[in-house]
Participant: 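Handing you this structure, nothing more for now.
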Amino acid sequence: MARLLHYLDLPPVWLALFAGLAWAQSLALPFAFLGRAGDVAGGLALAFGLGLSVWAALGVVLARTSLIPRQRPDRLVVTGPYRFSRNPIYLADAVILLGLILIWDALPSLILVPLFSKLIEWRFIRREEALIHEAFGPEYDAYCRQVGRWI
């Protein structure tokens, strides 16, 4: 059971959980505030988030290192979207969540975006940063001075 929970403790699972909460809120407490504007803004955010996620994942795959959280990377990826964010896939996840909330007109669920970001930082980013620092030391420190955790 513990092994199953370990495999379920992954960022996409957390994203699905938070999205599910937003969707449930949209059903239980529906708003008709944003309308078409929310659909457009949400669709743009969703498209941006998905595109950013694919671009960042492709950069990791092409660098021949691991995409899996908690695994020590073989290479430090600093190209593509990693020039602007040390965590573009997690940033993309937050933008995807925002897009869904806007599409569903689930305005009270906007609070979930910073909560999701903090949870991801606490559950994954801090550990990954420690592994990357251990693997790349001064090279990673220099990168961190140039590129922010989120943007």
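Only heavy atoms go into these numbers, but all of them, side chains included; no hydrogens, no water, no symmetry mates. Nothing here was measured: the structure is a model prediction, and the numbers come from that model.
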Participant: Quick check: closest heavy atoms across I111 and P108, and the distance to 0.1 Å?
Facilitator: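 Nearest pair, atom of I111 first, then P108: CG2-O, 3.4 Å.
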
Participant: Quick check on I151: does its CD1 atom have over 12 non-hydrogen neighbours (other residues, nucleotides or ligands) under 6.0 Å away?
Facilitator: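 Check fails, neighbour count at 12 or below.
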
Participant: When rounded to the nearest 0.5 angstrom, what is the spacing between CZ in F18 and CG in L119?
Facilitator: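 The distance works out to 5.0 Å.
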
Participant: Closer than 4.0 angstrom, basic N to acidic O: yes or no for K118 and E121?
Facilitator: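 Here K118 pairs with E121 in a salt bridge, since their nearest N and O are under 4.0 Å apart.
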
Participant: Are the side chain of N87 and the backbone of W150 linked by a donor-acceptor contact shorter than 3.5 Å?
Facilitator: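 It does not hold such a pair.
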
Participant: Ignoring hydrogens and angles, tell me if any N or O in the side chain of D105 forms a donor-acceptor pair with the backbone of L34 under 3.5 Å.
Facilitator: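 Answer holds: yes.
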
Participant: Can you name the side chain to side chain contact (heavy atoms under 4.5 Å, CB included) partners of W55, sequence neighbours left out?
Facilitator: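 Only L52, P81, R83, F84 meet the side chain to side chain contact (heavy atoms under 4.5 Å, CB included) criterion with W55.
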
Participant: Of all the heavy-atom pairs spanning R149 and S85, show the shortest one and how long it is.
Facilitator: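 Where R149 meets S85 most closely, the heavy atoms are O-OG, 3.6 Å.
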
Participant: Check the hydrophobic clustering (I, L, V, M, F, W, Y; side-chain heavy atoms under 4.5 Å; chains of links allowed) and say if L100 and F48 are grouped together.
Facilitator: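 Hydrophobic grouping puts L100 with F48.
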
Participant: As an exercise, state the distance from CG of L21 to CG of L97, rounded to the nearest 0.5 Å.
Facilitator: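 CG of L97 is found 9.5 Å from CG of L21.
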
Participant: Show your reasoning for whether side chain to side chain contact (heavy atoms under 4.5 Å, CB included) applies to L112 and S109.
Facilitator: CA-CA 5 Å; L112 294 176; S109 290; 3.8 Å; yes

Participant: So, for A22 and I101, which heavy atoms are closest and what is the spacing to 0.1 Å?
Facilitator: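 Smallest interatomic distance, heavy atoms only, reads CB-CG1, 3.7 Å.
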
Participant: Go through the structure and list residues passing salt bridge (charged side-chain N to carboxylate O under 4.0 Å, His left out) with E139, not counting sequence neighbours.
Facilitator: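 Not a single residue meets the salt bridge (charged side-chain N to carboxylate O under 4.0 Å, His left out) criterion with E139.
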
Participant: Hey, is R70 close enough to E128 for a salt bridge, meaning N to O under 4.0 Å?
Facilitator: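 No, no charged N to carboxylate O under 4.0 Å.
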
Participant: Does one side chain, of W14 or D9, offer a donor that lies under 3.5 Å from an acceptor on the other?
Facilitator: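 Yes, a side-chain donor-acceptor pair sits under 3.5 Å.
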
Participant: Is a side-chain donor or acceptor of T65 paired with a backbone partner of D74 at a separation under 3.5 angstrom?
Facilitator: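 Yes.
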
Participant: Examine I96 and L17 and state if one hydrophobic cluster contains both, with Ile, Leu, Val, Met, Phe, Trp and Tyr joined whenever side-chain heavy atoms are less than 4.5 Å apart.
Facilitator: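 Yes, one cluster joins them.
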
Participant: Is there a continuous path of hydrophobic side-chain contacts, each under 4.5 Å between heavy atoms, that joins I68 to V13?
Facilitator: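 Hydrophobic grouping puts I68 apart from V13.
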
Participant: Check the orientation of Y90 and F124. Use parallel for under 30°, tilted for 30 to 60°, and perpendicular for over 60°.
Facilitator: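 Rings of Y90 and F124: tilted, 30 to 60°.
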
Participant: Same cluster or not: W122 versus L10, using hydrophobic residues (I, L, V, M, F, W, Y) connected whenever any side-chain heavy atoms lie under 4.5 Å apart?
Facilitator: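 No: no chain of side-chain contacts under 4.5 Å links W122 to L10.
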
Participant: Nearest 0.5 Å, please: how far is CD1 in I125 from CD1 in I132?
Facilitator: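 Reported to 0.5 Å precision, the distance equals 10.0 Å.
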
Participant: For the CD atom of Q25 and the CG atom of L110, what is their distance to the nearest 0.5 Å?
Facilitator: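 Separation between the atoms: 9.0 Å.
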
Participant: Would you indicate whether the side-chain heavy atoms of P69 and P11 approach each other to under 4.5 Å?
Facilitator: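 Heavy-atom side-chain distance check passes, below 4.5 Å.
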
Participant: If hydrophobic clusters are built from ILVMFWY residues whose side chains come within less than 4.5 Å, do V54 and L91 share one?
Facilitator: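 No, V54 and L91 fall in different hydrophobic clusters.
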
Participant: May I ask you to decide if G49's main-chain N or O and S53's side chain share a donor-acceptor pair within less than 3.5 Å?
Facilitator: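 It does not hold such a pair.
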
Participant: Answer yes or no: is there a side-chain heavy-atom contact under 4.5 Å between R72 and F136?
Facilitator: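 Result no, sub-4.5 Å side-chain heavy-atom pair not found.
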
Participant: Supply the atom-to-atom distance W23 CH2 to W104 CH2, rounded to the nearest 0.5 angstrom.
Facilitator: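 The CH2 atom of W104 is 8.0 Å from CH2 of W23, to the nearest 0.5 Å.
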
Participant: Taking only residues two or more places apart in sequence, or in another chain, which ones meet I103 in a side chain to side chain contact (heavy atoms under 4.5 Å, CB included)?
Facilitator: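 With neighbours one apart ignored, the set is D39, L46.
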
Participant: Does E129 reach the side chain of Y140, with side-chain heavy atoms less than 4.5 Å apart?
Facilitator: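 A side-chain contact under 4.5 Å exists here.
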
Participant: Nearest 0.5 angstrom please: R126 CZ to I120 CD1, how far?
Facilitator: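 Result: 13.0 Å between the selected atoms.
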
Participant: So T79 and V77, do their side chains get closer than 4.5 Å, heavy atoms only?
Facilitator: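 Yes - at least one pair of side-chain heavy atoms lies under 4.5 Å apart.
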
Participant: Could you check whether any side-chain heavy atom of L76 comes within less than 4.5 Å of a side-chain heavy atom of Y82, counting everything from C-beta outward?
Facilitator: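 When only atoms from C-beta onward are counted, Y82 and L76 do not touch, as no gap falls below 4.5 Å.
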
